[in-house]
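What follows is a set of notes on a single structure, which appears directly below.
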Amino acid sequence: MKLSVIIVNYNVTPLLRNCLLSIQKYIQEVEYEVIVIDNASTDSSWGDLIPEFPSVHFMASDTNGGFSKANNQAIKSAKGEYLLLLNPDTELEGFYMDDLLDFADSRPRFGCLGVRMHDAEGNFLPESKRSVPDMFNSFEKLFTNFKKNNSKSYYRNDIEENAVAEVEVVTGAFLLIKREVYEKIGRLDEAYFMYGEDIDLCYTLLQNGYKNYYYGKVSLLHLKGESTVKDEVYLERFYGAMQTFIDKYYKGSKPLQYSFLKAGLKLRHQIEKIKLK
């Protein structure tokens, strides 16, 4: 089997249904499977999709251990040569899976691949192509609206939206990777409950000599925010994930960057908490 599509669901049955319909419509020339793992949703309506999509393998987790843990659990039963980590709040928009897999097959030391994402209004989502966080680009992201074109910043503005290029980080909303490579580098780090795990995975690939790619020739609808409540729990998880990343990679090896990033994250977290009040 060529491809295993892995989807983690949590309380977004209508979005999941549309996602599955888009897969059914647009992946036709590839031998593939779809594995949906429900991450202990409080809304049991996802079960209504089982008879509607009989070819999909549905599983249920007893507890919500986070995005990374759920993906790793589902992947244990995957049979595909490639894995596609896909958010339930996304929709494929064309017959491009063949092209992506051919591209991946043709690249030596292929790490992972992401595509051009846009929201419901058609606005490009800059997290489609990113740099690994460091002292300089993190300051830009946390405290400025600096979006100069042709700048290798946190969001890779030096790469055109429709380009195909090597990039450091792509998003876990759509992330294509070889299953063999995924297992070899240690899978998603379960220290991340949600957010940051895609940055960690991409960085781990780079550290192991693999190359990551942004494939801007094709697009994906990502209903960003539709499945996320921006409350204090969200802020704790988001900024906690960033803290986990810098603890793991910068605390021992780059103490100056670590101190700067830690202070910046703490300050930005406090600012966001104040905005909620």
Side-chain angles (χ1 to χ4, degrees), residues 1-12 15-16 19-20 23 32-42 46-47 49-50 56-90 100-101 104 110-114 127 130 132 168-210 212 222 227-228 233-234 236-238 240-249:
M1 184 175 290
K2 191 68 175 180
L3 178 68
S4 295
V5 181
I6 312 296
I7 303 173
V8 177
N9 177 66
Y10 183 73
N11 289 337
V12 289
L15 297 177
L16 173 60
C19 179
L20 292 175
I23 293 171
Y32 76 98
E33 64 180 351
V34 179
I35 301 172
V36 173
I37 180 167
D38 182 75
N39 218 5
S41 291
T42 56
W46 66 273
L49 300 180
I50 296 175
V56 173
H57 178 200
F58 287 90
M59 349 175 16
S61 177
D62 294 332
T63 59
N64 185 352
F67 182 78
S68 294
K69 187 173 183 178
N71 270 295
N72 289 337
Q73 182 180 340
I75 287 167
K76 288 178 182 178
S77 62
K79 301 179 180 68
E81 177 187 350
Y82 283 90
L83 304 170
L84 175 60
L85 308 187
L86 188 66
N87 271 23
D89 57 357
T90 63
L100 298 183
L101 292 168
F110 175 80
C112 68
L113 177 148
E127 62 268 27
R130 290 172 285 172
V132 173
E168 291 177 335
V169 178
V170 298
T171 175
F174 183 110
L175 190 149
L176 182 71
I177 185 171
K178 281 188 176 179
R179 181 162 57 96
E180 180 183 12
V181 171
Y182 184 83
E183 298 290 352
K184 184 177 180 179
I185 65 168
R187 310 187 297 168
L188 285 174
D189 188 339
E190 295 180 11
Y192 299 90
F193 183 87
M194 182 178 282
Y195 311 112
E197 69 288 317
D198 49 0
I199 300 173
D200 188 289
L201 181 67
C202 291
Y203 191 40
T204 302
L205 287 165
L206 295 174
Q207 288 186 313
N208 283 275
Y210 294 98
N212 304 330
H222 185 197
S227 57
T228 303
V233 173
Y234 161 80
E236 289 292 338
R237 288 176 177 169
F238 179 81
M242 297 303 102
Q243 185 65 49
T244 297
F245 182 84
I246 65 171
D247 284 347
K248 183 175 178 179
Y249 293 110

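The model shown is predicted, which means the values in this text are computed figures rather than measured ones.
Between Cys202 and Leu175, the closest heavy-atom pair is SG-CD1, 4.3 Å. Contact detail for Phe245 and Ile199: the closest heavy-atom pair is CE1-CG2, 3.7 Å. Nearest heavy-atom pair, Ile35 versus Ala78, reported as atom, atom and distance to 0.1 Å: CD1-CA, 3.8 Å. Minimum heavy-atom separation, Glu197 to Leu188: O-CD2, 3.7 Å. Heavy-atom minimum distance, Ser77 versus Met59: OG-SD, 4.2 Å.
Defined by atom type and a distance below 3.5 Å, a donor-acceptor pair is missing between the side-chain atoms of Asp189 and Ser68.
For the side chain to side chain contact (heavy atoms under 4.5 Å, CB included) test, residues two or more places apart in sequence or in another chain that qualify with Gln243 are Ile246, Asp247, Tyr258, Lys262, Leu265.
Taking the six-membered ring where tryptophan is involved, the planes of Tyr195 and Phe238 are perpendicular, since the angle between them exceeds 60° and thus also 30°.
A donor-acceptor contact shorter than 3.5 Å is absent between the side chain of Asn11 and the backbone of Ser41. Side-chain atoms of Glu168 come within 3.5 Å of backbone atoms of Val132 as a donor-acceptor pair (strictly under, hydrogens ignored). For Asp200 (side chain) and Gly196 (main-chain N/O), no donor-acceptor pair under 3.5 Å exists by modelled atom type. Side chain of Asp198 to backbone of Ala173: no donor-acceptor contact under 3.5 angstrom is found.
Every pair passing side chain to side chain donor-acceptor pair (under 3.5 Å) that includes a residue from residues 56-65 is listed here, sequence neighbours excluded: Asn39-Asn64. Within the structure, every pair that satisfies the side chain to side chain donor-acceptor pair (under 3.5 Å) test and touches residues 173-188, not counting sequence neighbours, is listed here: Asn72-Tyr182.
The line from OH of Tyr10 to CG of Leu16 is 15.0 Å long, rounded to the nearest 0.5 Å.
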Would Leu206 and Val169 count as a side chain to side chain contact (heavy atoms under 4.5 Å, CB included) here? Give the steps. CA-CA 9 Å; Leu206 295 174; Val169 178; 5.7 Å; no

